[in-house]
Amino acid sequence: MTLHSDVAELLAGAGILDVDVDNAVADEHVRSSAYRRVVLVAASSRSRDRDRAIVATILRDPHEMGSKSAVVDLVDRIATKATGPAEFRQWSAELLPEIGQLKTEAYREFIRRRIDDWLFYLSIEDGHVPTPVELAEVTYWMQRVLAEESTSPAVLAVLAESGRSKKIRNIAQNRCPDRSGTAQRPTPPHSSGTGGGAHKGRADCKKHYTEP
């Protein structure tokens, strides 16, 4: 398969008719934009049957940064639609052999880590409360997502105690419900009350985590 035929096949399969294949082949930026549109169409489909073939085709592109970004976009979109970790694990397992096409190890590892991050996220959505050791195994990006989005007092407690950075710990601490069930109000950036209040919020959150 040539790059021209790969791009033409992807565009045709997604029903994208307004992209000139010759221009896309000649310009990696046009091609990367086209891949993102292909991914959007693929992710919107109710069927996952073509995803592996689409990923395999995209990853044959010699411009690896653009192809990596497109595949990560697909992973993100499918993860947010998954009903749980088992479904996403089964889907992503089919992609792992294709990821090996990338010559750049850092890109291969980036996609694999993103998949692991989403499996972690989905397990938490399914009710799992991570240990500090488990939390340390996910990326800063995923810890930040959880600190900003999780509604579980137990999960926020772990993040408030063991988040990778002070910023993540503070976000989780400020969002953790206090013992009355209301959320802690974030401390204004320039407020002088940054001492006892911060420790109190974290302590309250920890009680939610340790109490049955």
Side-chain angles (χ1 to χ4, degrees), residues 10 13-14 35-60 64 67-102 104-164 168-169 171-172 175-177 205 208-212:
L10 286 170
Y35 290 159
R36 287 194 295 272
R37 292 179 61 186
V38 169
V39 162
L40 179 60
V41 172
S44 299
S45 172
R46 301 178 75 174
S47 172
R48 307 268 57 88
D49 293 345
R50 297 186 63 246
D51 290 351
R52 179 172 180 174
I54 289 170
V55 167
T57 303
I58 290 175
L59 291 180
R60 284 198 292 266
E64 291 197 332
S67 58
K68 180 266 292 183
S69 297
V71 172
V72 169
D73 188 21
L74 180 63
V75 168
D76 289 348
R77 290 178 184 277
I78 299 303
T80 58
K81 295 175 60 173
T83 58
E87 179 184 303
F88 184 70
R89 182 177 291 107
Q90 181 179 358
W91 176 83
S92 60
E94 296 183 359
L95 266 58
L96 292 175
E98 307 303 339
I99 295 169
Q101 290 189 59
L102 287 167
T104 305
E105 182 179 357
Y107 293 160
R108 296 196 303 268
E109 183 62 18
F110 189 95
I111 299 175
R112 289 170 181 149
R113 289 297 300 273
R114 184 58 65 96
I115 289 171
D116 289 343
D117 274 354
W118 280 118
L119 285 169
F120 185 81
Y121 178 93
L122 290 166
S123 74
I124 288 174
E125 289 284 291
D126 210 32
H128 176 67
V129 177
T131 65
V133 173
E134 291 172 329
L135 183 66
E137 293 177 354
V138 300
T139 64
Y140 176 93
W141 173 79
M142 179 48 67
Q143 288 194 15
R144 178 72 181 269
V145 168
L146 289 169
E148 293 178 343
E149 296 184 6
S150 178
T151 58
S152 165
V155 173
L156 290 171
V158 179
L159 286 158
E161 291 291 338
S162 304
R164 185 164 295 179
I168 287 173
R169 294 192 295 272
I171 292 171
R175 294 190 62 244
C176 183
C205 194
H208 274 274
Y209 176 54
T210 55
E211 291 175 353

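Note that these values count all heavy atoms, side chains included, but never hydrogens, waters or copies made by symmetry.
Looking at heavy atoms from C-beta onward, Pro97 lies in side-chain contact with Arg52 at the 4.5 angstrom threshold. Val38 is not listed as a side-chain neighbour of Thr57, based on a closest heavy-atom distance of 4.5 Å or more. When side chains are defined from C-beta on, Ile171 counts as touching Arg144, because their heavy atoms get closer than 4.5 Å. Counting heavy atoms from C-beta outward, Val75 and Trp91 have side chains that approach closer than 4.5 Å.
Side chains of Trp141 and Asp117: no donor on one and acceptor on the other come within 3.5 Å.
For CZ of Arg77, the number of neighbouring non-hydrogen atoms (other residues, nucleotides, ligands) closer than 6.0 Å is greater than 12. The environment of Gln90 atom CD is sparse: at most 12 non-hydrogen atoms of other residues, nucleotides or ligands sit within 6.0 angstrom.
Residues Ala160 and Ala172 come closest through the heavy atom pair N-CB, 3.7 Å. Residues Ser67 and Glu64 share a closest heavy-atom pair of OG-O, 3.1 Å. Minimum interatomic distance between Pro85 and Leu119 (heavy atoms only, all atoms of both residues): O-CD2, 3.6 Å. Between Ala42 and Arg48 the shortest heavy-atom distance is O-NH2, 2.6 Å. In plain terms, the two heavy atoms of Ile78 and Ala43 that are nearest each other are CD1-CA, 4.0 Å.
Distance check, rounded to the nearest 0.5 Å: OG of Ser92 to CD1 of Ile99 gives 8.0 Å. Taking CD1 of Ile111 as the reference point, atom CD1 of Ile115 lies at 7.0 Å (rounded to 0.5 Å). If you take CD1 on Ile124 and CE on Met142, they are separated by 8.0 Å, rounding to the nearest 0.5 Å. Here the straight-line distance linking atom CG of Leu74 with atom CG of Leu95 works out to 6.5 Å at 0.5 Å rounding. Considering OG1 of Thr139 and CZ of Phe120, their distance stands at 10.0 Å, rounded to 0.5 Å. If you take CG on Leu59 and CG on Leu102, they are separated by 4.5 Å, rounding to the nearest 0.5 Å.
With sequence neighbours excluded, the residues forming a side chain to side chain contact (heavy atoms under 4.5 Å, CB included) with Ala70 are Tyr35, Val39, Ile58, listed by chain and number. In this view, Tyr121 and Trp118 satisfy the ring-ring contact (aromatic ring centres under 6.0 Å, His included) rule, not counting sequence neighbours.
A donor-acceptor contact shorter than 3.5 Å links the side chain of Gln143 to the backbone of Leu135. Without hydrogens or angle criteria, Arg175 side chain to Thr151 main chain gives no donor-acceptor distance under 3.5 Å. One N or O on the side chain of Ser152 and one on the backbone of Val155 form a donor-acceptor pair closer than 3.5 Å.
Taking 4.0 Å as the cut-off between side-chain N and carboxylate O, Asp73 and Arg36 do not count as a salt-bridged pair. Between Arg112 and Asp116, none of the side-chain N atoms (NZ, or NE/NH1/NH2) sits under 4.0 Å from a carboxylate O, so this pair counts as no salt bridge.
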### Message
Let's go through Asp76 and Arg114 carefully: what are the C-alpha distance in whole Å and the side-chain angles of both, what is the deciding distance for side chain to side chain contact (heavy atoms under 4.5 Å, CB included) to 0.1 Å, and is it a yes or a no?
### Response
CA-CA 8 Å; Asp76 289 348; Arg114 184 58 65 96; 2.8 Å; yes
